[in-house]
Each structure stands twice: as structure tokens, then as C-alpha cells.
Protein chains: 2
Amino acid sequence: MTPRSGPAPQLAARPKGRVRRQQESAILKAAERVFARTGFEGGTMTEIASLAGLPKANLHYYFRCKDELYRAVLDNILSLWLAETEVITIDADPASALSAYVAAKMRLSATRPDASRVFANEVIHGATRIGGFLRDELSSVVAQRALVIDQWASEGRIAPIDATHLFFTIWAATQTYADFESQVCAVLGKTRLGKADLVRASAHVTTVVLRSCGLPCAGAGPATPPLPSISH
Amino acid sequence: MTPRSGPAPQLAARPKGRVRRQQESAILKAAERVFARTGFEGGTMTEIASLAGLPKANLHYYFRCKDELYRAVLDNILSLWLAETEVITIDADPASALSAYVAAKMRLSATRPDASRVFANEVIHGATRIGGFLRDELSSVVAQRALVIDQWASEGRIAPIDATHLFFTIWAATQTYADFESQVCAVLGKTRLGKADLVRASAHVTTVVLRSCGLPCAGAGPATPPLPSISH
DNA sequence: ATGCAACTTGACGATCCAGTCAGGTTCCGA
DNA sequence: TCGGAACCTGACTGGATCGTCAAGTTGCAT
């Protein structure tokens with residue numbers, strides 16, 4: 001995402017040549033796949049190159065070193081993580097907003113599982129490269145949205161709940177279908193997750209989140225009764 | 001766990017010399033730490049050796065190759081994953097049983113975070129080495145316990161819920177405090193998780209699970225009202 | 001068309017790491 | 001005490017990988 005300065009002499013060069021843009025994106029795509037499968041240390045430049053269909057030396061033309069390529073992949077991914085929280089606002093209907101957020105996270109797990117895995121891998125190994133992002137951007141977004149949820153609770157629109165930890169739970173419950181897909185598949189006795197499985201998973205997580213907030217959930221069977229109106 | 005045959009000529013040798021047992025456990029401990037921090041490909045035998053306080057060649061005396069050492073670490077961990085589900089039985093009180101299970105999983109995340117991380121790493125990268133375990137042991141245990149939960153639901157003792165996916169959610173929500181500790185810390189603005197944080201996390205996850213099953217939870221503030229007695 | 005910058009690539013160097021081995025030391029039963 | 005098994009270890013090897021480089025080819029503005 002940050003303007004990367006290629007190793008070749010590059011002036012101001014905002015335009016970023018047509019070829020460059022195309023090659024970079026092909027490389028990033030291949031790199032995401034490879035890093036997702038074997039982690040940063042396990043994935044090799046040769047492997048990425050062959051998956052992208054070009055010689056290894058060409059990778060080093062666009063990305064100085066392996067670490068720079070890896071960071072570029074991460075940069076690409078981080079922006080995805082912040083998105084979608086904007087549905088959580090004071091004025092929104094809690095049930096709709098939470099459902100929409102869960103659905104968005106599940107969609108991300110379904111459509112970009114490799115991105116999720118690269119991110120997970122980085123965090124498990126200490127998040128040394130993205131510590132700043134987590135401490136600054138992410139934590140402030142969470143703090144902000146947690147306030148909204150607390151507000152909902154104090155107005156009696158949802159049951160009281162630890163808002164910050166609720167985010168941890170939502171992330172964990174949704175990302176598990178990307179990061180731990182092989183475990184989920186093994187337990188379900190399948191070789192890969194089909195669309196039906198993901199729909200079912202999504203419904204389940206939504207149910208869990210809504211019930212956690214004392215909200216009735218539309219889709220899922222005889223639900224918990226609605227909150228007794230506490231105030232107002 | 002499986003009787004490993006050392007490279008040195010070893011007859012029946014069940015007794016497994018005092019020294020051997022001690023060294024193996026020291027090596028396994030160091031290996032778990034190293035593999036947790038950088039994954040299988042990232043961790044080096046030299047690093048493990050120095051952490052265990054012995055020369056690298058000695059590692060190869062006890063474990064033929066890196067892969068064998070890694071598998072030994074995994075073996076050591078897998079048994080932990082099956083434990084504790086036995087609290088979930090037809091005759092148990094659903095709320096107590098689920099609380100106990102969540103508490104056990106949280107305790108594992110707190111006391112053996114590196115074990116959790118090694119496991120997570122392996123699963124993310126496709127679980128090629130433990131696919132058998134997941135498909136056989138784990139999936140049968142889950143199927144068994146899911147039946148119990150379904151039974152509870154059909155008796156009206158808990159709200160209907162997708163039992164198998166509930167396990168996925170419980171695992172994800174609890175293990176996130178080990179695997180994604182650095183993310184949790186960053187968002188909470190701490191450098192490491194203290195006892196108080198884990199107690200709070202545990203209470204939160206318990207609340208989420210109990211409310212998901214339509215059960216009132218003792219500890220956590222004004223909870224959802226108890227299930228209206230559906231039958232019996 | 002022309003010339004320069006952007007791009008491509010095969011071959012190579014330096015480093016690192018898993019695994020080996022031969023020769024040594026310690027343990028332990030008889 | 002003695003002897004063999006278990007254990008230890010410094011030095012080495014072969015293979016793999018990142019990154020470089022110099023000699024090309026292609027794209028594009030004038």
C-alpha cells in the first residue's frame with residue numbers, strides 16, 4: 001500500500017508503469033498463497049516465482065528482498081481488517097449491525113482465506129512486523145466501537161457484555177473457518193468447506209453473537225426470548 | 001508418545017534410561033518454545049539445542065531428524081486436546097458442564113500457550129502431519145459430545161444450537177488468548193496478559209457460551225432470563 | 001525511427017542449516 | 001574392578017536458499 005520504491009532507478013514515478021502494476025499484483029497474489037501455506041520462513045522465493053510464472057530474479061526487481069515482499073503482502077491484508085466495523089454505530093439497530101459485521105467477517109474468511117492465514121501466522125509468531133498497526137489503528141478502532149456497544153447496553157438495547165472481548169470472540173469464531181479450515185473439515189468429514197457449510201457456519205456464529213447480547217435471532221430455531229425491557 | 005527408537009542400538013529397552021527420559025523432556029520443552037515462535041520451518045535445530053543447553057549433535061542422538069522431533073512435540077500436545085470433554089455427559093448439568101469445559105480450555109491457553117501455538121501453526125498450514133488424528137480421534141470425540149448437547153436441547157434443557165459448530169466456537173474463543181495473545185495485548189494496551197486479564201476473558205467466554213445455549217450465567221451481570229420451561 | 005528507461009533473466013556467490021561421523025566420556029551391572 | 005552399553009560432541013558435508021549482477025530485450029515518448 002505504501003509507495004514502494006523499486007530497485008530500478010525510479011524518479012517521482014507516481015504513474016507506476018502499467019507493467020509494474022500488473023507484475024506486482026501477480027507476485028503479491030502468488031506470495032499470499034505461498035506464505036499462507038508454509039509461513040514466512042517456509043515459503044521460498046523460487047516457489048513464489050514459479051507460481052507467478054516468472055524467474056526468481058524478477059521478483060527481486062520488484063521487491064528488494066523476501067522481507068519486503070512479505071510486508072507488502074501484509075500491508076495488502078491489514079486494510080481488510082479494519083473495514084466493516086463502521087456498521088456499528090449508536091443509531092444502528094444492534095441486531096442488524098452485529099449480524100452485518102459477523103456476515104462481513106465470514107465473507108472475508110470465505111473469499112480470502114489465504115489472507116486470513118498469513119495474518120494469523122504473523123500474529124501467532126509475535127506480530128513483530130505489525131505490532132504498530134495492532135497497537136495504533138486496530139486498538140483505537142476497537143476502543144471506539146466498544147464504546148458504542150457499551151452505550152447500547154446502558155440503554156438496555158442489549159444485555160451487558162464485555163465489548164472488547166466480544167470483538168476477540170467474533171474475530172476468533174469467524175476466522176477459525178479460514179485459519180483452521182483443515183480442522184473444521186476433518187471434524188465435519190469433508191475435504192473442503194462448501195458453500196452450504198459456510199452458510200451454516202455463518203448462521204451459527206450470528207446466533208452465538210446475538211444470543212450473547214441477549215438478542216433474539218431471526219433465523220435460528222426457537223431462540224431465547226427477547227430481553228425484558230430493563231429501562232425505557 | 002509412541003515408543004521412539006533412538007538411533008543408538010536399542011534393544012527392547014522399555015526402561016528408557018533415566019538420562020534419556022530427562023534429556024528428551026528438556027529437548028521437547030525447548031523445541032515447543034522454538035517451534036511456537038517461528039514455526040516448523042523457521043525454528044532451527046541449533047536454536048533448540050542452545051535453548052536446551054546442549055550441542056546440536058546431541059539432539060540428533062535422541063531424535064533422528066527435525067521432523068521426528070517436531071512430531072514428538074505434536075504428539076505431546078495432541079493428548080491435551082481431547083481431554084476435558086468428558087465433563088459433557090447426558091446426566092450433567094449443562095451450565096456446569098459447559099462452564100467447566102470452557103474453564104479447562106482457558107486454563108490450557110493460560111498455562112501452555114506455546115503448545116496451543118504449535119498446534120495452531122500446524123493446522124493453519126494444512127495439518128498434514130496430524131490429519132489422521134483430526135479425522136479419527138478428534139472427530140469421533142466431537143460427534144459423541146455433540147450428541148449429548150443435541151439431547152440436552154431436545155429435552156429443553158438448553159436452547160437449540162448447532163452442537164458441532166459450538167465446539168468450533170469454543171475452541172476458537174478460548175485458544176485465541178494463546179494463539180493471538182499478541183493481538184489481544186496490543187488491543188488491551190498491555191505487553192502481556194496478566195492473571196486478571198485471563199480471569200476476565202474466561203468469564204466473558206463462559207458468558208458467551210452459556211447465553212448461546214439460552215442459559216443464565218451466574219457471574220456476569222444482569223443476564224438473559226432463564227429459558228421458559230419448554231417441556232417438563 | 002530513435003534512444004533511453006523500464007523490464008527480463010540465466011548464472012553465480014555467500015550463507016545457513018540439517019544431518020553425519022568418529023572418537024571420546026560417563027554410567028551401571030556383574 | 002571391569003567391560004560394554006549408553007551417552008556426548010567438535011568438525012565436517014551436501015544441499016538448499018537468498019540475493020546479485022551483467023548482459024540482454026521490450027516499451028514508450030519524442
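Residue numbers begin at 1 in each chain, while the letters A, B, ... track the order of the sequences.
A/E137 places none of its side-chain heavy atoms less than 4.5 Å from the side chain of A/V141. Residues B/K105 and B/V205 form no side-chain contact, since every pair of their non-hydrogen atoms from C-beta on lies 4.5 Å or further apart.
Of the side-chain N and O atoms in A/R20, none sit less than 4.0 angstrom from OP1 or OP2 of C/dA6. Phosphate proximity of D/dC18 to A/R64: absent, as no side-chain N or O sits under 4.0 Å from OP1 or OP2. The phosphate of D/dC8 has OP1 or OP2 within less than 4.0 Å of a side-chain N or O from B/Q23. The phosphate of D/dC7 has OP1 or OP2 within less than 4.0 Å of a side-chain N or O from B/Y61. Taking 4.0 angstrom as the limit, A/Y62 places a side-chain polar atom (N or O) nearer than this to OP1 or OP2 of C/dT8.
Comparing C/dA18, D/dT9, C/dG10 by their nearest atom to the side chain of B/L54 picks out D/dT9. You'll find that the side chain of A/V19 is closest to C/dT8, out of D/dT20, C/dC21, C/dT8.
Nucleic acid contact for A/G43: sugar-phosphate only, since backbone atoms but no base atoms lie under 4.0 Å from a heavy atom of the residue.
Atom CG of B/N58 is separated from atom P of D/dC8 by 5 Å (rounded to the nearest Å). Going from atom NZ of B/K66 over to atom P of C/dC16 covers 15 Å, rounded to whole Å. Per the geometry, CG belonging to A/L59 stands 14 Å off P belonging to D/dT17, to the nearest Å. Atom P of nucleotide D/dT26 and atom CD of A/Q22 are separated by 17 Å, given to the nearest angstrom. For A/M45 and C/dG10, the CE to P distance is 16 Å, given to the nearest whole Å. As a whole-Å value, the separation of B/R18 CZ from D/dA5 C1' is 15 Å. Atom C1' of nucleotide D/dG14 and atom NE2 of B/H60 are separated by 14 Å, given to the nearest angstrom. In this structure, A/E68 places its CD atom 10 Å from P of D/dG19, rounding to the nearest Å.
A salt bridge does not link A/D75 with A/R71: none of the charged nitrogens is closer than 4.0 Å to a carboxylate oxygen.
If you check distances only, the side chain of B/K56 does reach the base of C/dG19 with a donor-acceptor pair under 3.5 Å.
Ring planes of B/F167 and B/W171: tilted class, angle from 30 to 60°. Taking the six-membered ring for Trp and thresholds of 30 and 60 degrees, A/Y70 and A/F40 have ring planes inclined between 30 and 60 degrees apart.
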